[in-house]
Amino acid sequence: MKTILPPANAPTNFPSGDRRTARVALPARRPSTTAELLRAGGRVLAFVGLYQGDFVPDPFDREMSATEVPHYMRPMSIVAALKCAATGDPHRTTLLADAAIGYLALRLMVDGELGPEDGDIDSLELHVDAWGDLEGRTAESACCALYAAADVAEVTV
């Protein structure tokens with residue numbers, strides 16, 4: 001039986017012929033359920049903070065450079081935090097992020113109304129953002145709402 005050795009210039013070999021351990025960086029696991037995504041969004045908000053307004057401050061990089069402070073490191077809205085937890089970018093979306101936004105929108109009360117009038121994703125996002133933009137809303141209260149919704153989603157979905 002013939003033994004096949006890796007080439008001498010393989011990344012795990014030293015020029016002297018000694019071998020070394022290769023370290024492999026695996027990507028972080030993305031959430032795969034609504035409950036996991038709601039909790040991950042809460043962790044994102046706890047880390048970067050809640051921004052009341054657009055998805056992130058200065059979304060078009062007119063005042064601060066994206067190389068200085070990337071969008072995923074800026075304070076963000078609840079909708080942006082859910083999108084960031086799902087994709088790594090607060091501006092990109094997935095079906096799971098849309099489902100979590102819809103799930104959350106139907107459980108948040110704004111101006112005495114539970115859920116938006118229309119069921120399209122834009123209305124759902126606006127409803128969640130309106131809840132997050134209420135005066136006195138903090139990152140802690142938003143995280144609590146996300147975790148509470150995740151606990152219910154784990155049981156019902």
Side-chain angles (χ1 to χ4, degrees), residues 11-12 20-157:
T12 57
R20 65 178 173 181
T21 304
R23 296 186 185 252
V24 178
L26 298 174
R29 184 176 163 270
R30 298 271 183 213
S32 59
T33 65
T34 302
E36 288 177 6
L37 182 60
L38 289 167
R39 285 191 183 93
R43 288 191 298 273
V44 168
L45 280 180
F47 181 73
V48 298
L50 178 66
Y51 180 69
Q52 295 181 324
D54 204 353
F55 277 4
V56 294
D58 191 26
F60 298 110
D61 301 323
R62 292 188 178 121
E63 295 174 14
M64 61 179 107
S65 169
T67 56
E68 293 172 6
V69 182
H71 289 206
Y72 63 87
M73 293 297 294
R74 299 177 189 180
M76 56 184 70
S77 70
I78 298 170
V79 171
L82 290 171
K83 289 181 177 187
C84 190
T87 65
D89 183 348
H91 304 289
R92 287 186 19 222
T93 191
T94 63
L95 290 175
L96 181 60
D98 289 347
I101 291 165
Y103 183 83
L104 187 62
L106 296 176
R107 280 151 183 78
L108 297 176
M109 187 170 288
V110 177
D111 296 330
E113 292 189 21
L114 189 62
E117 292 181 15
D118 298 327
D120 62 305
I121 189 62
D122 293 329
S123 297
L124 297 170
E125 286 181 3
L126 285 172
H127 186 78
V128 173
D129 274 338
W131 184 86
D133 290 344
L134 290 175
E135 189 175 331
R137 183 74 60 215
T138 63
E140 291 82 12
S141 63
C143 291
C144 289
L146 288 170
Y147 270 82
D151 290 342
V152 174
E154 208 166 58
V155 175
T156 58
V157 175

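- Taking the side chain as every heavy atom from C-beta outward, V79 and L104 never approach each other to under 4.5 Å.
- A 4.5 Å side-chain heavy-atom check between D120 and S123 finds at least one atom pair inside the cut-off.
- You'll find the side chain of D151 reaches within 4.5 Å of the side chain of R39, heavy atoms only.
- Judged by the 6.0 Å and 45° rule, R43 forms no cation-pi pair with F47.
- Between atom CG of residue D89 and atom OG1 of residue T94 there is a gap of 11.5 Å, rounded to the nearest 0.5 Å.
- Scanning all heavy atoms of the two residues, the minimum distance from G41 to A81 falls at O-CB, 3.8 Å.
- Between A142 and L50, the shortest heavy-atom distance links the atoms CB-CD2, 4.4 Å.
- Rounded to the nearest 0.5 angstrom, D129 CG and Y51 OH are separated by 11.5 Å.
- The two atoms that bring A130 and V110 nearest to each other are CB-CG1, 4.1 Å, heavy atoms only.
- Remark: D98 does not engage K83 in a salt bridge, criterion side-chain N to carboxylate O under 4.0 Å.
- The backbone N or O of W131 lies less than 3.5 Å from a partner atom in the side chain of R137, making a donor-acceptor pair.
- The shortest heavy-atom contact between A86 and A97 is CB-CB, 4.0 Å.
- Of the possible polar contacts, one joining the H127 side chain to the L108 backbone as a donor-acceptor pair under 3.5 Å is found.
- Taking CG from L106 and OH from Y103, the interatomic distance works out to 9.5 Å, rounded to the nearest 0.5 Å.
- Between A40 and P31, the shortest heavy-atom contact is CB-CG, 3.8 Å.
- Put simply, CD1 on I101 and OG1 on T93 are 5.5 Å apart, with the number rounded to the nearest 0.5 Å.
- Rounding to the nearest 0.5 angstrom, the gap separating the CD atom in Q52 from the OG1 atom in T138 is 9.0 Å.
- Separation of atoms OH (Y147) and CG (L45) is listed at 10.5 Å; rounding is to 0.5 Å.
- Side-chain contact between E125 and V128 is absent, with no heavy atoms from C-beta onward closer than 4.5 Å.
- Of all non-hydrogen atoms in L38 and A153, the two that sit nearest each other are CD1-CB, 4.4 Å.
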